[in-house]
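Please read the structure below before turning to the comments.
Just so you know, these numbers come straight off a predicted model, no measurement behind them. For reference, positions follow the sequence shown, starting with 1.
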Amino acid sequence: MKAFLLPAAVGAALGFLTGAGVGGGTLLVLWLTQVLSLPQAQAQGINLLYFLLTAPPALWGHRKQGLIDGRTALPAILWGVPVSAAAAFLSAGAAPELLRRAFGGLCFAVGLREVLAKKR
């Protein structure tokens, strides 16, 4: 029973953070790779499955609160789905080190943009 409680508590906390938009999926990958020592590819697969379960309730809650603008969301969905599928297909043949560096650069650029962005 004890072996179940900690993972269940971590899962619940990450589900809450994901629903709040904090980036619980990133935290889940860190938990799986650093604490549970799972291989990166396996952790990413689990994260994708986790996202499929946590995204619909989060989307419903944000929509209910009026936080989603349909005119903005629709083009993002229509373009995001095929572009994501194409990127996944192309990345399957890329070197893992290249993908790691590209992802690190993306994270750095987004973080820098957030730090330097003007407050509204």
Side-chain angles (χ1 to χ4, degrees):
M1 182 70 162
K2 185 179 178 183
F4 173 76
L5 291 178
L6 181 59
V10 169
L14 293 176
F16 175 77
L17 291 172
T18 300
V22 174
T26 303
L27 299 174
L28 177 61
V29 171
L30 287 173
W31 169 264
L32 293 171
T33 56
Q34 302 302 312
V35 177
L36 300 181
S37 301
L38 289 179
Q40 181 76 24
Q42 188 176 3
Q44 289 170 322
I46 291 170
N47 185 51
L48 289 173
L49 290 173
Y50 184 82
F51 177 76
L52 289 174
L53 298 173
T54 58
L59 179 63
W60 179 78
H62 291 310
R63 177 92 169 126
K64 186 176 176 183
Q65 294 176 356
L67 299 174
I68 296 176
D69 175 28
R71 284 186 274 170
T72 303
L74 185 60
I77 293 167
L78 293 177
W79 281 100
V81 170
V83 170
S84 296
F89 178 76
L90 291 172
S91 70
E97 185 60 30
L98 174 65
L99 294 175
R100 277 190 211 101
R101 289 177 186 260
F103 183 66
L106 176 66
C107 288
F108 181 78
V110 169
L112 191 62
R113 179 177 177 258
E114 289 297 315
V115 168
L116 299 177
K118 293 182 179 179
K119 303 282 187 213
R120 291 183 194 179

Between S84 and G80, which heavy-atom pair has the shortest distance, and what is it?
-> OG-O, 2.7 Å
Are F103 and L30 connected in a single hydrophobic cluster, I mean Ile/Leu/Val/Met/Phe/Trp/Tyr linked by side-chain heavy atoms less than 4.5 Å apart?
-> no
What one should report as the nearest heavy-atom pair of Q40 and T33 is OE1-CG2, 3.6 Å
Minimal non-hydrogen separation, A43 against V29, with atom names = O-CG2, 4.2 Å
Treat each ILVMFWY residue as a node, draw an edge where side-chain heavy atoms are under 4.5 Å apart, and state whether V35 and V10 are in one component.
-> yes
Starting at CZ of R101, measure out to CG of L99 and round the result to the nearest 0.5 Å.
-> 12.0 Å
Within-4.5 Å side-chain heavy-atom neighbours: I68 and L59 = yes
With the 4.5 Å side-chain cut-off for hydrophobic clustering, are L52 and W31 part of the same group?
-> no
Here the salt bridge (Lys or Arg N to Asp or Glu O under 4.0 Å) pairs for residues 46-59, sequence neighbours left out, are none
Can you measure from CG (L49) to CD (Q44) and round to the nearest 0.5 angstrom?
-> 12.5 Å
Reported CG-to-CG distance for the pair L48 and L53, which is rounded to 0.5 angstrom | 11.5 Å
Please identify each residue that fulfils salt bridge (charged side-chain N to carboxylate O under 4.0 Å, His left out) with R100, with sequence neighbours left out.
-> E97
Between CD of Q65 and CH2 of W60, what distance do you get to the nearest 0.5 Å?
-> 9.5 Å
Looking at G70 and P75, what are the two nearest heavy atoms and their distance?
-> O-CD, 4.5 Å
